[in-house]
Amino acid sequence: MSPLTDILSKLPPDAQPIDQDASGRLMVPDRPAVGFIEGDGTGPDIWRAARLILDAAVARAYGGRRAVAWVELLAGEKALATSGDILPDYTVDAIADLKVAIKGPLTTPVGGGFRSINVTLRQRLDLYCCVRPVRYIPGVPSPVKHPERVDMVVFRENTEDVYAGIEWPAGSDQARKVIGFLNGELGTNIRPEAAIGIKPMSAFGSKRLIRRAIDYALARGRTSVTLVHKGNIQKFTEGAFRDWGYELAREEYPGRLISEDQQPGPGQVVIKDRIADNMFQQALLRPEEFSVLALPNLNGDYISDALAAQVGGLGMAPGANIGDACAVFEATHGSAPKYAGQDKVNPCSVVLSGAMLLEHLGWVEAAELIAPAISRAVRSGQVTYDLARQIPGSNELSCSAFAHKVVEML
């Protein structure tokens, strides 16, 4: 029995799988089966809250005509306790079959231990595009004067760069072998006891990421796509990312993409580039000049978190990992194990990621209810502890109570 067959045998009889047509467009029934991984640490608390809000938004938008059939999939600590494997093949296969899933935070050890489950999922399912929309929700405390000027969508390449995980520890036989080749055959001068990592970047991987960013900008009426890179130093990897982006624009979008020294006409989008360190400065000084960002993996990780800080932090930041065959929506913060089971933390990252999921399904009416409801809850002063300590006179709510407040505000 396939993973999907086993899953569907346990669902309500009216639940149906999501299908795709020949062009890759999702064919979504009124009762789609969607996977969820509740996550480690605080994951169970925030998933319960998020599910309450998402189900309520769908019910409000469609009056019971549509509903999500949630399917639990195991990964992380819960999977380890159940199966002895932190990421069972069953779960990966089920996500591929279901085509859409959402997950809470999963613990990743620093240094030793197992490899990041998040990175493994992205690579095994070829979820090559990490999408992080960063937009201010009115009422949320921010460390900057004008967070409302930030409205960017980050497209981060997910499978290449240093996150490919091709590295060897200092002093290992593998590292010495690579260093010996590089020093002996290619004339480098690397210290013999160094650790070694490889940074692969290809035209194929870069172009398919940049293509998604451009298509998004054109479809949503966004003003610009900015290629963010460190090509002044890493000329043949990050510099190539920039060059491949402009090449793609010329070859596939003639007349639709223009340079920033031109005046855009109807339906045209500006394509430009910025050095990564300069982009961090511009994100603070002139964020309104940037709309869609396309970045290699590591730069995309940094800038998406930095932008999230400008609009209230990772607790308010949604994210998605999308490929051609399936998509996984996720919390962008860690598992915060010290708060596990305390019904305390802010669920908004998963909630807003769920709104992205609903939009991905084409259920825009439900998706668009969620951010305004969160804003009304925050402005009422009924918030979780992380926001309460920043909003004078506010009332601290538990995670679950905040979810009920957002539902009330839908």
Side-chain angles (χ1 to χ4, degrees), residues 1-12 15 17 32-55 68-125 127 314-315 318-321 326-354 356-357 384 398-400 402-403:
M1 181 179 290
S2 74
L4 183 58
T5 302
D6 183 51
I7 287 168
L8 294 181
S9 70
K10 302 171 184 175
L11 287 176
V34 175
F36 76 89
I37 297 168
E38 63 179 13
D40 297 330
T42 58
D45 287 346
I46 61 178
W47 169 246
R48 282 191 294 271
R51 180 171 177 172
L52 179 73
I53 295 168
L54 297 175
D55 286 345
V68 176
W70 299 106
V71 181
E72 183 169 17
L73 307 174
L74 300 184
E77 294 168 356
K78 195 170 183 179
L80 189 63
T82 304
S83 67
D85 188 348
I86 59 168
L87 183 59
D89 289 341
Y90 166 87
T91 294
V92 179
D93 292 342
I95 293 173
D97 282 341
L98 290 169
K99 297 182 176 57
V100 179
I102 188 169
K103 57 180 280 298
L106 294 169
T107 299
T108 300
V110 177
F114 56 83
R115 192 170 177 222
S116 166
I117 302 171
N118 298 323
V119 171
T120 302
L121 273 173
R122 293 166 193 165
Q123 293 186 343
R124 289 184 61 181
L125 293 168
L127 304 174
L314 289 178
N321 297 291
C326 58
V328 177
F329 299 79
E330 66 175 359
T332 58
H333 54 71
S335 57
K338 71 176 182 178
Y339 294 126
Q342 296 182 29
D343 191 23
K344 184 180 180 71
V345 297
N346 185 340
C348 285
S349 179
V350 172
V351 175
L352 292 168
S353 298
M356 290 180 68
L357 184 155
T384 48
S398 66
C399 176
S400 56
F402 177 75

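Not measured: the values here are computed from a predicted model.
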Practice prompt. Output every pair passing salt bridge (Lys or Arg N to Asp or Glu O under 4.0 Å) with a member in residues 330-345, not counting sequence neighbours, ordered by first then second residue.
Written response: Lys103-Glu330, Arg122-Glu330, Lys344-Glu396
Response to the item:
Heavy atoms of Pro44 and Gly41 approach each other most closely as CD-O, 3.4 Å
Discussion item. Holding to side chain to side chain donor-acceptor pair (under 3.5 Å), I want the full list of residues that pass it with Ser349, two or more places apart in sequence or in another chain.
Written reply: Thr332
Fill in: Rounded distance (nearest 0.5 Å) linking atom CD of Glu72 with atom CD of Glu38
5.0 Å
Worksheet item: Can Leu73 and Leu98 be said to form a side chain to side chain contact (heavy atoms under 4.5 Å, CB included), step by step?
Response: CA-CA 11 Å; Leu73 307 174; Leu98 290 169; 4.2 Å; yes
Worksheet entry | Atom pair CG (Leu352) and CZ (Phe329), whose distance is rounded to the nearest 0.5 Å | 13.0 Å
Worksheet item: Residues two or more places apart in sequence or in another chain: which of them pass side-chain contact (heavy atoms from CB on, under 4.5 Å) with Pro337?
Response: Ser335
Item to complete: With the side chain counted from C-beta on, respond yes when Leu127 and Cys326 share a heavy-atom pair under 4.5 Å apart, and no when they do not.
Response: yes
Item to complete: Mind checking the CD1-CD spacing from Ile117 to Glu77? Nearest 0.5 Å is all I need.
Response: 8.5 Å
Worksheet item: Between Leu80 and Asp85, does a side chain to side chain contact (heavy atoms under 4.5 Å, CB included) hold up when you go through it step by step?
Response: CA-CA 5 Å; Leu80 189 63; Asp85 188 348; 5.8 Å; no
Discussion item. For Arg51, give me all partners under side chain to side chain donor-acceptor pair (under 3.5 Å), at least two apart in sequence or on another chain.
Written reply: none
Fill in: Residues which pass side chain to side chain donor-acceptor pair (under 3.5 Å) with Asp55, listed by chain and number, not counting sequence neighbours
Trp70
Discussion item. Contact between Asn321 and Leu121 at the side-chain level, heavy atoms closer than 4.5 Å - yes or no?
Written reply: no
Worksheet entry | Sub-4.5 Å side-chain heavy-atom contact between Cys348 and Phe402 | yes
Discussion item. Show, in sequence, the C-alpha distance, side-chain angles and deciding distance for Val34 and Val71, and conclude whether the side chain to side chain contact (heavy atoms under 4.5 Å, CB included) test is met.
Written reply: CA-CA 6 Å; Val34 175; Val71 181; over 6 Å; no
Worksheet item: Under a 4.5 Å cut-off applied to non-hydrogen side-chain atoms, are Tyr339 and Asp45 in contact?
Response: no
Worksheet item: Where is the tightest heavy-atom contact between Ala69 and Ala15, given as atom of each residue plus distance?
Response: CB-CB, 3.7 Å
Discussion item. I'd like to check Leu54 versus Val68 (side-chain heavy atoms, cut-off strictly below 4.5 Å). Are they in contact?
Written reply: no
Practice prompt. Identify whether the distance between the nearest side-chain nitrogen and carboxylate oxygen of Asp89 and Arg124 falls below 4.0 Å.
Written response: yes
Discussion item. Between Ile102 and Val350, does the side chain to side chain contact (heavy atoms under 4.5 Å, CB included) criterion hold? Intermediate values first, please.
Written reply: CA-CA 8 Å; Ile102 188 169; Val350 172; 4.1 Å; yes
Worksheet item: Looking at residues at least two apart in the chain, or sitting in another chain, which of them share a side chain to side chain donor-acceptor pair (under 3.5 Å) with Thr384?
Response: Asp386
Worksheet entry | Non-neighbouring partners of Ala96 that pass side-chain contact (heavy atoms from CB on, under 4.5 Å), sequence neighbours left out | Leu125
Fill in: Donor-acceptor pair, side chain of Thr42 and main chain of Val345, under 3.5 angstrom
no
Fill in: Validation row: Ile46, His333 side chains within 4.5 angstrom (heavy atoms)
yes
Worksheet, complete the sentence: Heavy-atom closest pair (Cys399 atom, Ala49 atom, distance to 0.1 Å) is SG-CB, 3.7 Å
